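Just below is one structure, and these are the notes that go with it.
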Amino acid sequence: MTVAAPLAPSPRPVLRERGQREVFCGLTGIVWLHRKMPDAFFLVVGSRTCAHLLQSAAGVMIFAEPRFATAIMEEKDLAGLADMNDELDAVVTRLLDRRPGIRTLFLVGSCPSEVIKLDLPRAAQRLQSQRTGIRILSYSGSGIETTFTEGEDACLAALARSAPWTPAGSEAALIPELLVAGALPDIVEDQFERLFADMGLPVRFFPGRSSTDLPAIGPHTRFLLAQPFLGETAAVFEDRGAVRIPAPFPFGAEGTTAWLQAAADLFGVDPLTFRRAIAPGRERAKRALERHRDQLAGKRIFFMPDSQLEVPLARFLATECDAELVEVGTPYLHARHLAPELALLGDDVVISEGQDVDRQLDRVRAARPDLTICGLGLANPLEAEGLSTKWAIELVFTPIHGFEQAGDLAELFSRPLRRRDLIRI
Ligand code: SF4
């Protein structure tokens, strides 16, 4: 373990871990992205392992016409005995002929396609040149390059690169437009849209509900991140002159208020209009949290690195539920995007970046926290040792953003503690 030099702008020291990782790869993001963009199709160019991962991660949903599939690479492909590009073209042609409703096709790279250095961006360009009326993009979801939520980041960055551009100096570039970046469940998107409308603020969401309904991105764009793991997507936006609105993330009553307030302040919404717009939702969120605070107050919580949601969720638990944070691990700490969150965490909270699963498990065992948030593979062994756990993946699959979901978010943490208490009685 090494203690790094302080990260700007937070003066907090961060433990850097560079050991064995135990997290899902970026293919997992397809599970929620294909629901968000029903006119898109995700074609993983991978192995049977990749197909099994997708099937088991999305296994609870059975579609007559699934919107993802795996083009399985056989041994002869991996051995270089077949022309992978010819085979890929044939698979894509069959798919698009059979499914004319597909508007965006994502070719998704995997570990095997990376190992044989299959050039998917070039394949996407080649296939695109043969077709009109469809957008063909590529990104990597491989476990070599991405962990878990980084798959969404890579996908949205590819989509952002293909979005219309508003050139600097054009008339459209002079009218600021609010954009929320990050895949949100439709119900949450509707709630935020209503809140912004009550403040008199039109808003666009990225991605929207159709993969073809892309907002122009340029110097007029003022964007709020809805997810903390969108480093590459934000970089694409900023390269086009878009301006990020710094804010904590919209988890809990206070996080959601601060997130909305950051946009309201930038767009000059008057304080009374802002308070009127948010007051009912904020009150409902606070009341919903009260029910869980007794269970969570004073409880010692340990986050293993997994989804990159750890820092904002830890802030929510500490500042809104009075929980005590033992360690907050995250696979990657984007200091600039997380600066408002880090400023709200106590200086005594240990933050770790990266993974060294054995060392982190040693620290969990030494601290014996009341609750450990971790990946599926680590939960069972810890439970067997009498430690309560929460699967991090549930926090990604459940709607947790915004006022109306604040109580559900707290319950995700309080339920395992309640179960533990019941078992002990
Ligand atoms: Fe496994 Fe890599 Fe395929 Fe992910 S992309 S399922 S880590 S082989």
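Whatever order the structure lists ligands and atoms in, that order sets their numbers, starting from 1. Computed from a prediction, not measured in an experiment: that's the story for all the values here. Residue indices begin at 1 and follow the sequence shown.
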So the atoms of ligand 1 within less than 4.0 Å of a heavy atom of Ser110 turn out to be 5 (S)

Atom 1 (Fe) of ligand 1: which of Thr49, Val108, Thr147 has the nearest heavy atom? Thr49

Quick one: do Asp356 and Arg363 make a salt bridge, cutoff under 4.0 Å? no

Show which atoms of ligand 1 fall inside a sub-4.0 Å distance from at least one heavy-atom site of Cys25. 4 (Fe), 5 (S), 6 (S), 7 (S)

Is any side-chain N of the basic residue among Arg18 and Glu353 closer than 4.0 Å to the acidic one's carboxylate O? yes

Measure from atom 3 (Fe) of ligand 1 to each N, O or S atom of Cys111 and report whether any distance is below 2.8 Å. no

Output yes when Arg126 and Asp86 qualify as a salt bridge under the 4.0 Å nitrogen-oxygen rule, no when they do not. no

Considering only protein heavy atoms, which is closest to atom 6 (S) of ligand 1, and at what distance to one decimal place? Cys50 CA, 3.6 Å

Distance-only side-chain donor-acceptor flag, Glu383 / Ser388, under 3.5 Å: no

Can a side-chain donor-acceptor contact be found between Gln295 and Asp421 if the only test is distance below 3.5 angstrom? yes

